[in-house]
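These numbers come from the heavy atoms of this one structure, side chains and all, not from hydrogens, waters or symmetry mates. All values derive from a computational prediction rather than experimental measurement. Below, chain A is the first sequence line, B the second, and so on; all start at residue 1.
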2 protein chains.
Amino acid sequence: MLSKRAKYAIKALLYLHQNEGAAPVSAKAIADREKIPYKFLENILRELRQHRILKSERGAEGGYRLLKSPESIKVSDIIRIVDGPIALIPCVSENFYEKCVECLDEKTCRIRRLFGEVRQAMLPVLDKSIAELR
Amino acid sequence: MLSKRAKYAIKALLYLHQNEGAAPVSAKAIADREKIPYKFLENILRELRQHRILKSERGAEGGYRLLKSPESIKVSDIIRIVDGPIALIPCVSENFYEKCVECLDEKTCRIRRLFGEVRQAMLPVLDKSIAELR
DNA sequence: AACCATTCCTACCAAACAAGTAGGATATTA
DNA sequence: TAATATCCTACTTGTTTGGTAGGAATGGTT
């Protein structure tokens with residue numbers, strides 16, 4: 001399951017993409033329009049900024065903007081930042097690999113193979129950028 | 001992420017499938033060979049029995065057998081029994097549907113659409129039976 | 001009958017995680 | 001200086017995860 005955190009992050013980025021302009025967009029505006037708890041959203045936006053997905057401007061009239069181009073922000077990247085691995089089991093994760101404690105032989109593990117396939121099936125979809133979502 | 005519970009369940013069923021024979025297989029045998037905590041496995045096997053995936057025989061020389069044919073036991077079924085929904089967000093789940101609280105319009109929600117696609121990509125892989133896993 | 005291996009069942013537990021909330025410090029503009 | 005923002009740390013509350021404990025019931029073996 002995707003966490004609400006990740007879902008809110010994607011929503012916020014979509015909103016930001018859709019409302020790009022001269023002025024940055026405040027967390028409050030996003031929270032109101034997307035019905036995301038304000039303080040929770042603040043935390044999420046901060047994390048996205050720290051990972052250089054967006055940038056912020058402080059003070060009155062401040063807010064957030066996309067740092068990268070919307071075409072280069074992949075949903076999979078956001079999920080990895082906020083939730084961690086895409087793969088359903090750690091031993092087939094590219095970015096968060098971990099060996100199964102109880103695994104006798106990774107090479108022949110049928111569960112590993114299956115969930116490797118699952119990952120391969122999911123990735124092309126999740127690798128879409130926020131600009132591509134329709 | 002898949003829970004350990006679900007992973008153990010699949011492992012147990014694979015072991016059971018591979019060791020089908022005259023005598024049923026004990027939980028202890030499965031636990032030893034697959035390195036699954038014994039008491040935890042007991043719980044899992046009970047749940048699978050209650051969902052009519054396998055049957056048990058009590059007493060000495062007792063144990064478990066597959067109730068359904070291995071060709072008809074889909075990995076997706078096991079996950080649904082043990083972990084719940086396959087879909088990453090509830091609003092695209094077929095079997096565990098729930099509306100998003102904050103969703104303004106499901107029909108036009110881009111996140112919903114994307115994760116609908118993800119689900120569609122995952123399902124053919126997870127719909128494989130335990131007999132098909134190589 | 002006694003023993004033993006097994007399933008069956010309920011309950012408990014500790015640690016981690018999820019989904020926020022609280023309170024205030026800091027920066028910017030008007 | 002007032003108002004509006006971001007920024008940051010810490011706290012809280014409930015749920016889930018990954019087990020463990022203890023024993024009752026069942027059935028085969030001797």
**Q** Any donor-acceptor pair under 3.5 Å between the side chain of Arg58(A) and the base of dT6(D)?
**A** yes
**Q** What's the verdict on side-chain contact (heavy atoms from CB on, under 4.5 Å) for Ser76(B) and Asp127(B), showing C-alpha distance, side-chain angles and the deciding distance?
**A** CA-CA 5 Å; Ser76(B) 52; Asp127(B) 276 346; 2.7 Å; yes
**Q** May I ask you to verify whether the side chain of Asp83(B) and the base of dT16(D) hold a donor-acceptor pair under 3.5 Å?
**A** no
**Q** Can a donor-acceptor pair be found, under 3.5 Å and without considering hydrogens, that links the side chain of Glu34(A) to the backbone of Ala31(A)?
**A** no
**Q** Evaluate Leu54(A) against Leu13(A) for side-chain contact (heavy atoms from CB on, under 4.5 Å), listing each step before the verdict.
**A** CA-CA 9 Å; Leu54(A) 37 84; Leu13(A) 289 170; 3.7 Å; yes
**Q** Between Glu42(B) and Gly59(A), name the one whose nearest nucleotide on DNA chain C is closer to the 5' end.
**A** Glu42(B)
**Q** Within this structure, what is the CD1-to-P distance between Ile44(A) and dC7(D), rounded to whole angstrom?
**A** 14 Å
**Q** State whether Tyr64(A) places a side-chain N or O below 4.0 Å from either non-bridging phosphate oxygen (OP1 or OP2) of dC7(D).
**A** yes
**Q** So with a 6.0 Å cut-off around CD of Glu102(B), is the heavy-atom count from everything else above 12?
**A** yes
**Q** Between Lys7(B) (NZ) and dT17(D) (P), how many Å, whole number?
**A** 15 Å
**Q** Let me know the distance between CD of Glu47(B) and P of dT10(C), rounded to the nearest Å.
**A** 13 Å
**Q** Of all of residues 19-37 of chain A, which get a heavy atom below 4.0 angstrom from DNA chain C, listed by number?
**A** Pro37(A)
**Q** Could you tell me the separation between the CG atom of Asn43(B) and the P atom of dG22(D), rounded to a whole number of Å?
**A** 15 Å
**Q** Is the phosphate of dT7(C), meaning OP1 or OP2, less than 4.0 Å from a side-chain N or O of Arg46(B)?
**A** no
**Q** Out of Arg112(B), Lys99(B), Arg113(B), which one pairs with Glu106(B) under the salt bridge (charged side-chain N to carboxylate O under 4.0 Å, His left out) rule?
**A** Arg112(B)
**Q** Distance only, no hydrogens: is a donor on one side chain within 3.5 Å (strictly under) of an acceptor on the other, for Arg33(B) and Gln18(B)?
**A** no
**Q** Please report the distance, rounded to the nearest Å, between CD in Glu57(A) and C1' in dT29(C).
**A** 12 Å
**Q** With sequence neighbours left out, write down each residue that passes side chain to side chain donor-acceptor pair (under 3.5 Å) with Lys39(A), or none if nothing qualifies.
**A** Glu42(A)
**Q** Can you tell me whether the side chain of Lys39(B) and the base of dG22(D) have a donor-acceptor pair closer than 3.5 Å?
**A** yes
**Q** Could you give the NZ-to-C1' distance, from Lys55(B) to dT6(C), as a whole number of Å?
**A** 17 Å
**Q** Tell me whether His51(B) contacts the main-chain N or O of Glu47(B) through its side chain, where contact means a donor paired with an acceptor under 3.5 Å.
**A** yes
**Q** So, OP1 or OP2 of dC8(C): does either fall under 4.0 Å of a side-chain N or O from Ser56(B)?
**A** yes
**Q** Check this one for me: any side-chain N or O of Tyr8(A) less than 4.0 Å away from OP1 or OP2 of dG20(C)?
**A** yes
**Q** Does dT7(C) have OP1 or OP2 under 4.0 Å away from a side-chain N or O of Tyr38(B)?
**A** yes
**Q** Check the distance between dA16(C)'s C1' and Arg5(B)'s CZ and give it to me in whole angstrom.
**A** 17 Å
**Q** Atom CG of Leu48(A) and atom C1' of dT6(D): how far apart are they, to the nearest Å?
**A** 14 Å
**Q** How do Arg49(B) and Ala60(B) order along DNA chain C: which one's closest nucleotide is nearer the 5' end?
**A** Ala60(B)
